[in-house]
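To start, the structure under review is shown below, and the notes come after it.
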Amino acid sequence: MRRDFNGGLIAFSRILKIFDKKTGLSEPYFHSQFRLLCTTSNSITTTHTFSPLLRQCIDERSISGIKNIQAQMLKSGFPIQLSGSKLVDASLKCGEIGYARQLFDGMPERHIVTWNSLIAYSIKHRRSKEGVEMYRLMITNNVLPDEYTLSSVFKAFSDLSLEKEALRSHGLAVILGLEVSNLFVGSALVDMYVKFGKTREAKLVLDRVDEKDVVLITALIVGYSQKGQDAEAVKAFQSMLAEGVQPNEYTYASVLISCGNLKDIGIGKLIHGLMIKSGFDSALGSQTSLLTMYLRCSLVDDSLWVFKCIEYPNQVTWTSLISGLVENSREEMALTEFGKMMRDSIKPNSFTLSSALRGCSNLAMFEEGRQIHGIVTKYGFDRDKYAGSGLIDLYGKCGCSDMARSVFDTLNEVDVISFNTMIYSYAQNGFGREALELFERMINLGLQPNDVTVLSVLLACNNSGLVEEGCELFDSFRKDKTVLTNDHYACMVDMLGRAGRLEEAEMLITEVVNPDLVLWRTLLSACNIHRNVEMAERIKRKILEIAPGDEGTLILMSNLYAATGKWNKVIEMKSEMKEMKLKKNPAMSWVEVDRETHTFMAGDLFSHPNSGQILETLEELIKKAKDLGYVEDKSCVFQDMEESAKERSLHQHSEKLAIAFAVWRNVCGTIRILKNLRVCVDCHNWIKIVSRVIKREIICRDSKRFHHFRDGSCSCGDYW
DNA sequence: CTAGGGTTAG
């Protein structure tokens with residue numbers, strides 16, 4: 001025993017010299033540690049006697065058992081602090097941090113393991129604040145942190161964004177030599193800098209660590225991947241292989257996400273191969289990332305194959321599949337998979353629900369979307385901003401901006417994206433004033449608008465004929481040095497162009513560095529509306545330089561020539577289109593009746609099973625509309641034909657067929673139809689009157705926006 | 001007796 005004391009003394013004084021020099025810690029620290037060494041070496045027999053009993057208490061999670069043992073310890077004359085760390089550890093393992101803390105506070109001397117246990121437990125159980133407070137207490141009590149303390153406390157610093165304190169403790173790790181020699185400390189540091197968003201610092205730490213292992217390198221790869229430095233992530237992965245460190249499921253899980261972001265299917269498939277070879281292709285986390293990678297690269301079939309191989313997909317796996325399918329325009333399949341997920345009793349989260357909702361809104365599936373709204377409510381995500389923006393998007397795209405607004409108003413937290421979604425809902429439904437009001441509120445709340453906000457606001461002005469407001473806003477955005485894209489310019493060109501300010505619109509395009517097809521075509525379409533053949537021909541030449549034989553351009557020109565009676569030019573355009581083997585997109589409309597979608601094509605009177613009843617209803621509707629003053633507007637027939645044939649062709653437009661069908665099926669409430677093209681003037685006039693005839697609201701979503709027809713007028717104010 | 005990394009997102 002004496003020798004032990006001496007050995008301990010020598011060792012401690014040696015350490016003390018080093019510490020003194022580097023940390024300035026004082027003698028009392030040395031004495032306290034030394035006394036602890038003596039007492040713990042005395043008490044070994046005691047703790048050993050109680051160890052099996054404590055283990056039993058832990059197994060049974062019995063805190064009363066622990067208190068029993070504590071009482072016995074006291075009775076046998078041993079002060080708690082001698083075996084306190086065991087009791088603290090056992091209490092923590094029973095989940096009783098309160099009692100552990102009570103024990104801890106009653107100990108006049110605490111072994112470092114006791115400190116570490118409490119700190120680690122607090123941080124692991126989302127009580128980082130308490131963990132850090134303990135850590136500070138430890139320092140002020142002159143207990144020097146060790147590798148265990150540091151590797152847990154760094155996580156708390158990143159949780160609480162305590163960057164300054166983190167740097168001080170990093171310094172301590174450097175002084176103690178733990179940064180380079182202990183992998184736990186090293187990877188905790190790398191992870192911390194990653195969470196602070198400082199991948200450069202993380203890399204510097206990694207470089208200093210003596211012998212790198214898979215966890216350390218993976219922590220860095222995760223950082224690159226999450227910060228969008230995807231090329232760096234792949235590079236780190238490659239150098240890891242070169243150094244002979246074997247990746248594991250965590251490594252694959254994150255590097256594959258970067259491959260997906262890079263859309264680098266070559267390296268993605270190579271890594272898939274490595275995964276199979278090393279057997280990590282059966283780990284759920286890496287399988288999920290593999291699935292995501294294939295979906296990001298638009299290889300839907302490969303991703304479905306991966307999914308089929310997964311035995312027990314979890315919430316994240318399903319969510320990844322559903323959102324990826326929606327992203328790849330496979331909405332129907334996404335909704336089917338969502339149904340399967342629910343049948344498998346896998347709980348959805350707000351990501352799952354917002355993806356499923358996006359699937360519905362892309363297809364304007366109102367009823368299906370309402371069902372999912374029910375699920376949102378059931379799982380308590382009604383006020384969640386992710387699920388909420390899915391709902392706002394759904395109701396916006398189904399033409400119900402008031403319902404969208406009531407969702408928006410109940411959210412418990414709003415951010416730029418919730419505002420954007422709501423402003424866009426107003427914009428596409430033509431509620432410009434409401435959109436602008438919301439935009440102002442967003443600014444007052446101090447939220448920084450992004451490119452989507454700017455586009456939504458301009459679109460709102462455009463769709464409501466608020467040309468002056470739109471121009472003013474656009475000027476202010478330009479002055480603010482907001483980054484304006486071609487989409488923003490296209491919106492302005494459309495706004496000015498449709499208002500007949502064609503020269504101004506053309507001037508605006510000259511500002512754009514790289515004017516694209518859409519921009520010119522927008523202007524061309526404005527020329528079409530205002531029958532400006534001279535300008536249109538000029539624009540047409542410009543477009544055909546960028547995109548020879550552009551289909552949309554030829555169609556627009558042909559329509560313009562038709563509208564101005566230049567039939568020989570029309571024939572010229574048509575033959576050119578024929579030569580290019582171009583066919584006009586057929587005009588189509590959809591209507592959902594009893595959760596079933598029916599499709600109608602212009603001029604197609606016979607393919608629907610109920611075409612007889614539909615035509616009968618249509619004739620009746622046209623007759624009643626005529627009684628209220630409907631007259632065919634033949635200016636939108638772009639073919640050279642007899643007047644009566646023109647009328648017949650107008651009567652066969654797809655939206656008229658769809659509405660007739662909905663009326664025949666006696667759809668209750670609002671009739672909602674969808675169109676792939678813009679609604680024509682004649683149909684617009686007709687639907688306005690029909691809404692009065694049937695005393696029902698008709699909402700029509702065309703390729704650009706919504707029209708709400710009610711009691712003889714339309715929400716667009718005849719401006720679209 | 002105490003310690004480190006991952007996958008879903010409007």
Margin query: Closest approach to the side chain of A/Thr319, judged atom by atom: which nucleotide of B/dT8, B/dG4, B/dG5 is it?
Written below: B/dT8
Note to self: Tell me if the CD atom of A/Glu311 is crowded by more than 12 foreign heavy atoms within 6.0 Å.
What the structure shows: no
Notebook entry, point to check: Which word best sums up how the rings of A/Phe366 and A/Tyr395 line up, parallel for under 30°, tilted for 30 to 60°, or perpendicular for over 60°?
Noted result: perpendicular
Note to self: Counting distance alone, no hydrogens or angles: does the base of B/dG10 have a donor or acceptor under 3.5 Å from a partner atom on the side chain of A/Ser389?
What the structure shows: yes
Next item on the list: For the residue pair A/Phe157 and A/Tyr135, categorise the inter-ring angle as parallel (less than 30°), tilted (30 to 60°) or perpendicular (more than 60°).
Entry: perpendicular
Margin query: Taking A/Glu327 first and then A/Arg358, would you say they form a salt bridge - that is, a charged N and a carboxylate O separated by under 4.0 Å?
Written below: yes
Item checked: Proximity to the side chain of A/His111 - top-ranked nucleotide from B/dT2, B/dT8, B/dC1 -> B/dC1
Note to self: Within the 4.0 Å heavy-atom criterion, would you say A/Ser254 contacts the bases, only the backbone, or no part of the nucleic acid?
What the structure shows: nothing
Next item on the list: Would you classify A/Asp213 as touching base, sugar-phosphate or nothing, given that sugar-phosphate means primed atoms plus P, OP1 and OP2, and contacts are heavy atoms under 4.0 Å?
Entry: base
Notebook entry, point to check: B/dT2, B/dG4, B/dG5: which one has an atom nearest the side-chain heavy atoms of A/Ser117?
Noted result: B/dT2
Checklist line | Distance-only donor-acceptor test (3.5 Å): side chain A/Asn420, base B/dG10 | finding: no
Notebook entry, point to check: Roughly how many Å is it from CD in A/Gln287 to C1' in B/dT8, rounded to a whole number?
Noted result: 15 Å
Notebook entry, point to check: From the list B/dA3, B/dT7, B/dC1, which nucleotide is the closest neighbour of the side chain of A/Ala120?
Noted result: B/dA3
Margin query: Under 4.0 Å, counting only non-hydrogen atoms across every strand here, what does A/Thr421 touch: a base, just sugar-phosphate, or nothing?
Written below: nothing
Next item on the list: Would you please confirm or rule out a distance under 4.0 Å between OP1 or OP2 of B/dT2 and any side-chain N or O of A/Lys93?
Entry: yes
Next item on the list: Determine: side-chain N/O of A/Lys124 to OP1/OP2 of B/dA3, distance under 4.0 Å, yes or no.
Entry: yes
Check: Looking for any heavy atom pair under 4.0 Å, which part of the strands does A/Val214 touch: base, sugar-phosphate only, or nothing?
Finding: base
Item checked: Nucleic acid contacts of residues 198-206 of chain A, taken as heavy-atom distances under 4.0 Å to DNA chain B -> none
Next item on the list: Report the distance from atom CG of A/Leu103 to atom P of B/dT2, rounded to the nearest whole Å.
Entry: 17 Å
Notebook entry, point to check: For A/Leu291, which contact category applies under a 4.0 Å heavy-atom criterion: base, sugar-phosphate, or nothing?
Noted result: nothing
Check: Listed by chain and number, what are the ring-ring contact (aromatic ring centres under 6.0 Å, His included) partners of A/Tyr224, not counting sequence neighbours?
Finding: none
Notebook entry, point to check: Are A/Trp318 and A/Phe307 an aromatic pair by the rule of ring centers under 6.0 Å?
Noted result: yes
Notebook entry, point to check: Among B/dT7, B/dG5, B/dG10, which nucleotide sits nearest the side chain of A/Ala253?
Noted result: B/dT7
Notebook entry, point to check: Reckon A/Arg296 has a side-chain N or O less than 4.0 Å from the OP1 or OP2 of B/dA9?
Noted result: yes
Check: So what does A/Lys385 hit on the nucleic acid, given a heavy-atom distance under 4.0 Å: a base, only sugar-phosphate, or nothing?
Finding: base
Notebook entry, point to check: Is there a residue in residues 225-232 of chain A whose heavy atoms reach under 4.0 Å of DNA chain B, and which residues are they?
Noted result: A/Gln226
Item checked: A/Tyr424, OH atom: more than 12 neighbouring heavy atoms under 6.0 Å -> no
Notebook entry, point to check: Is A/Thr317 touching bases, backbone alone, or none of the nucleic acid, heavy atoms closer than 4.0 Å?
Noted result: nothing
Next item on the list: Have a look at A/Lys203 and tell me which of A/Thr199, A/Asp207, A/Val205 forms a side-chain contact (heavy atoms from CB on, under 4.5 Å) with it.
Entry: A/Asp207
Check: Whole-Å distance between B/dG4 C1' and A/Tyr193 OH?
Finding: 16 Å
Margin query: The side chain of A/Val215 is closest to which nucleotide in this list: B/dG5, B/dT2, B/dG10?
Written below: B/dG5
Note to self: Counting only side-chain heavy atoms from C-beta out, which of B/dG5, B/dC1, B/dG4 sits nearest to A/Val222?
What the structure shows: B/dG5
Check: Would A/Phe408 and A/Phe419 satisfy ring pair (Phe, Tyr, Trp, His ring centres under 6.0 Å), going step by step from the backbone distance to the final call?
Finding: CA-CA 8 Å; A/Phe408 178 83; A/Phe419 267 100; 5.2 Å; yes
Next item on the list: Please work out if A/Asn248 contacts a base, only the sugar-phosphate, or nothing of the nucleic acid, heavy-atom cut-off 4.0 Å.
Entry: base
Next item on the list: Please state how far atom CG in A/Leu353 lies from atom C1' in B/dT8, giving the value in whole angstrom units.
Entry: 12 Å
Next item on the list: State whether A/Tyr379 and A/Lys347 meet the cation-pi test: NZ (Lys) or CZ (Arg) under 6.0 Å from the six-membered ring centroid, and within 45° of the perpendicular axis.
Entry: no
Item checked: Centroid under 5.5 Å and tilt under 30°, A/Phe184 to B/dA3 -> yes
Margin query: Going by salt bridge (Lys or Arg N to Asp or Glu O under 4.0 Å), name the residues that satisfy it together with A/Arg441, two or more places apart in sequence or in a different chain.
Written below: none
Notebook entry, point to check: For A/Leu87 and B/dT2, what is the distance between atoms CG and P respectively, to the nearest whole Å?
Noted result: 15 Å
Next item on the list: Flag as yes if A/Tyr148 stacks onto the base of B/dT2 (centroids under 5.5 Å, planes under 30°), otherwise no.
Entry: yes
Next item on the list: Rounded off to whole Å, could you give me the CG-to-C1' distance for the A/Leu220 and B/dG4 pair?
Entry: 14 Å
Checklist line | Under the side chain to side chain contact (heavy atoms under 4.5 Å, CB included) test, residues paired with A/Asp451 that sit two or more places apart | finding: A/His488
Note to self: Taking atom types as they are modelled, would you say the side chain of A/Asn182 forms a donor-acceptor pair with the base of B/dG4 within the 3.5 Å cutoff?
What the structure shows: no
Next item on the list: Return the nearest nucleotide to the side chain of A/Ser323; candidates are B/dG5, B/dC1, B/dA9.
Entry: B/dA9
Margin query: Could you tell me how far apart A/Arg383 (CZ) and B/dG10 (P) are, to the nearest whole angstrom?
Written below: 23 Å
Next item on the list: Check if the side chain of A/Ser187 and the base of B/dG4 share a donor-acceptor pair of N or O atoms closer than 3.5 Å.
Entry: yes
Checklist line | Given B/dG5, B/dG10, B/dG4, the nucleotide with the shortest approach to the side chain of A/Leu183 | finding: B/dG4
Notebook entry, point to check: If you check every side-chain atom of A/Glu327, which of B/dG5, B/dG10, B/dC1 has the closest atom?
Noted result: B/dG10
Check: Between B/dT7 atom P and A/Asn349 atom CG, what is the distance in whole Å?
Finding: 14 Å
Please table the atom pairs, donor to acceptor, closer than 3.5 Å between any side-chain atom in residues 385-394 of chain A and protein atoms at least two apart or in another chain.
unit_1	atom_1	unit_2	atom_2	d
A/Lys385	NZ	A/Asp415	OD2	3.2
A/Ser389	OG	A/Lys385	O	3.4
A/Ser389	OG	A/Tyr386	O	3.1
A/Asp393	OD1	A/Lys397	NZ	2.8
A/Asp393	OD2	A/Ser361	OG	3.2
A/Asp393	OD2	A/Lys397	NZ	3.4

